[in-house]
Each structure stands twice: as C-alpha cells, then as structure tokens.
Amino acid sequence: MVGEEGAFVLGWDEVLTEEELSMTLKVLCMSEEEFKEYKEQDGWEDDSDEEENSTLSNEALSRLKTPCKKLLYDSVLLTLESYGADLKAEQDLLNNKEAYEKLSRREQQALHVRYGQKRILHQLLELVK
C-alpha cells in the first residue's frame, strides 16, 4: 500500500501520494470485521467514484474522520521524534549566521531539507488536531 519507499509524500498544499495514504488510512481504521468483508468483496479495486475523485488537500485532511486523524497525528509525532533536533533548534541554527557559516555546504543543504520537512509535518499536525 505504501510503495517502494515505505513513506508518504506530503507537499505544502496536499498529499502527493494520496492514493496510497487514502488506502492505508482506510484499511488501518477498519475494524477486523470490516476488513474481512472488504477483502472478501474484492474491495481493493472497487472503490466508489467519490473516493477516487477526492484529493487529499490540506482542507480534506482536516475533515478526515477522527480515527484517521488520530492515526496521522500519532504517526507524525513518531516521525518528528526520529529527527535529532526539533523545529526551533533548526530555525535557530538557520538564523545564527556565524554557526550556519561553519557548516559545510552539504550540511547547510541538509539543514534546509530537514527544516522544510519539519515545517510540513508541523503543518500536518495542526490540520489533524
């Protein structure tokens, strides 16, 4: 369901791997009985047109059902915990010209990437509170 990378791709405005995330949330939020029924009915290929045409924009994420929002929220917290520093520490380093300039070019680029990833994850936390 998640694809080769084992991760979902989020952008500023929407989920870029929305099909994978939608299916994963749908399955993980089902009861055992719902899952069995869904699997028996070959529901994997026969989703409704409404679900196929919906996009996981930021607005749509904020309207998810509570169990899905909690699952996403908890997942984002776990992802943020995997980083060595929090968003504020990254921002402080970016704002500290002297410390920033001591970093190699590669370290500077990595800092910008991590900071951007964390900002997107914090935005997602706000959307699914």
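Scope of the values below: all heavy atoms of this structure, side chains included, with no hydrogens, waters or symmetry mates. None of these values were measured; they are calculated from a predicted model.
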Worksheet item: In Å and rounded to the nearest 0.5 Å, what is the NZ to NZ distance from Lys88 to Lys118?
Response: 13.0 Å

Discussion item. Would you compute the distance between atom CZ of Arg114 and atom CG of Leu93 and round it to the nearest 0.5 angstrom?
Written reply: 8.0 Å

Practice prompt. Identify the heavy atoms of Phe8 and Thr17 that sit nearest to each other, and give their distance.
Written response: CA-OG1, 3.4 Å

Discussion item. Taking Thr79's backbone N and O only, do any of them form a donor-acceptor pair with Ser82's side chain (distance below 3.5 Å, no angle check)?
Written reply: yes

Worksheet item: Can you tell me how far OG of Ser31 sits from CD of Glu37, rounded to the nearest 0.5 angstrom?
Response: 8.5 Å

Item to complete: Please confirm whether the backbone N or O of Gln91 pairs with a side-chain atom of Asn95, one donor and one acceptor, at under 3.5 Å?
Response: yes

Worksheet, complete the sentence: Heavy-atom nearest pair, Ile120 first then Gly11, reads CG2-O, 4.0 Å

Practice prompt. Give the C-alpha distance, both sets of side-chain angles, the deciding distance and a yes or no for salt bridge (charged side-chain N to carboxylate O under 4.0 Å, His left out) between Glu32 and Lys36.
Written response: CA-CA 6 Å; Glu32 186 176 344; Lys36 285 179 183 176; 3.5 Å; yes

Item to complete: Determine, stepwise, if the pair Glu14 / Leu16 fulfils side-chain contact (heavy atoms from CB on, under 4.5 Å).
Response: CA-CA 6 Å; Glu14 64 187 12; Leu16 303 177; 4.1 Å; yes

Fill in: Point-to-point distance, once rounded to the nearest 0.5 Å, from CG of Leu80 to CG of Leu121
5.0 Å

Fill in: Heavy-atom side-chain contact between Leu21 and Leu72 under 4.5 Å
yes

Response to the item:
Between Glu90 and Leu111 the two heavy atoms that sit nearest each other are OE1-CD1, 2.6 Å

Discussion item. Quick check: closest heavy atoms across Gln108 and Leu103, and the distance to 0.1 Å?
Written reply: NE2-O, 3.4 Å

Show me, pair by pair, the donor-acceptor contacts under 3.5 angstrom made by side chains of residues 122-129, not counting sequence neighbours?
{"from": "Gln123", "atom 1": "NE2", "to": "Trp12", "atom 2": "O", "distance (Å)": "2.7"}
{"from": "Glu126", "atom 1": "OE2", "to": "Lys129", "atom 2": "NZ", "distance (Å)": "3.2"}

Worksheet entry | Heavy-atom side-chain contact between Glu81 and Leu78 under 4.5 Å | yes

Worksheet item: Roughly how far, to the nearest 0.5 Å, is the CG atom of Leu10 from the CG atom of Leu61?
Response: 8.0 Å

Practice prompt. Report yes or no: do Leu25 and Val9 belong to one cluster of Ile/Leu/Val/Met/Phe/Trp/Tyr joined by side chain heavy-atom distances under 4.5 Å?
Written response: no

Practice prompt. With side-chain contact (heavy atoms from CB on, under 4.5 Å) as the test, would you mind laying out the steps for Glu20 and Val15 before giving the verdict?
Written response: CA-CA 10 Å; Glu20 292 91 342; Val15 176; over 6 Å; no

Worksheet item: Within a radius of less than 6.0 Å around CD of Glu59, do more than 12 heavy atoms belonging to other residues, nucleotides or ligands occur?
Response: no

Worksheet item: In Å and rounded to the nearest 0.5 Å, what is the CG to CD distance from Leu87 to Gln117?
Response: 11.5 Å

